[in-house]
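Every number for a ligand or one of its atoms is a count from 1 in the order of the listing. The first residue of the sequence shown is numbered 1, and numbering continues consecutively from there.
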Amino acid sequence: MTEICPTCGCSLVRLRLPKESTVSYHHNDKEYGFCCQGCLDIFKTDPQKYLQEIIDLVVCPVCLKEKPIEWTSMLEHDGITYHFCRCPHCMEQFKKKPEYFIKRLEDITHGN
Ligand SMILES: [Zn+2]
Ligand SMILES: [Zn+2]
Ligand SMILES: [Zn+2]
C-alpha cells in the first residue's frame, strides 16, 4: 500500500518524496513515513488519533489523490487489488500501461 503521511494525510508519492527524504518513525513495531519533521512532531502528541484518521485512506495510482476506501473503485492486476478514485479516466490510463503506474508508486515509496 502506498504510504501516506499520517499527520497531514498526503500521499508521499504525490509529494514526490523519495524514501530518503521522508522522516521515518517506528510506532508499535511499524514504520511510518512522514513528509516532514513537523508532521512527526504533531503525530507524537497523539499517534492513535492520527492513525485512526488515515486508516481508510487509499491512494489512486494514477492521479495520486488520497480517498476514503469506500469512495474508490477496485481493479485487480497480477493478483493485487488497486483502488482508484472514481474517475473512469484514471482506471483507463492504468489499464493502458499498468507497469508504468506501479513502478512509479514503488520507485518513490520503496526506492533506494
Ligand atoms: Zn505530512
Ligand atoms: Zn509535513
Ligand atoms: Zn484518480
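Residue pairs meeting the salt bridge (charged side-chain N to carboxylate O under 4.0 Å, His left out) criterion with at least one member in residues 50-59, sequence neighbours excluded, are Lys49-Glu53.
Around the Zn ion (ligand 1), the protein contributes the following N, O or S atoms at distances under 2.8 Å: Cys5 SG, Cys8 SG, Cys35 SG, Cys39 SG. Less than 2.8 Å away from the Zn ion (ligand 3), the protein contributes these N/O/S atoms: Cys60 SG, Cys63 SG, Cys85 SG, Cys90 SG.
When every heavy atom of Ile54 is checked against every heavy atom of Gly9, the shortest pair comes out as CG2-CA, 4.2 Å. Residues Thr72 and His83 come closest through the heavy atom pair OG1-ND1, 3.4 Å.
In this structure, Arg104 contributes its side chain and Pro61 its backbone to a donor-acceptor pair below 3.5 Å.
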All N/O donor-acceptor pairs, side-chain side in residues 32-44, below 3.5 Å, sequence neighbours left out:
unit_1	atom_1	unit_2	atom_2	d
Gln37	NE2	Asp41	OD1	3.0

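Under the 4.5 Å side-chain heavy-atom criterion for Ile, Leu, Val, Met, Phe, Trp and Tyr, Leu75 and Ile80 are members of the same hydrophobic cluster. Tyr82 and Val62 end up in the same hydrophobic cluster when Ile, Leu, Val, Met, Phe, Trp and Tyr side chains are linked at under 4.5 Å. Cluster membership for Leu57 and Leu64, using ILVMFWY side-chain heavy atoms within less than 4.5 angstrom, is shared.
Ring planes of Phe84 and Phe94: perpendicular class, angle over 60° (limits at 30 and 60°).
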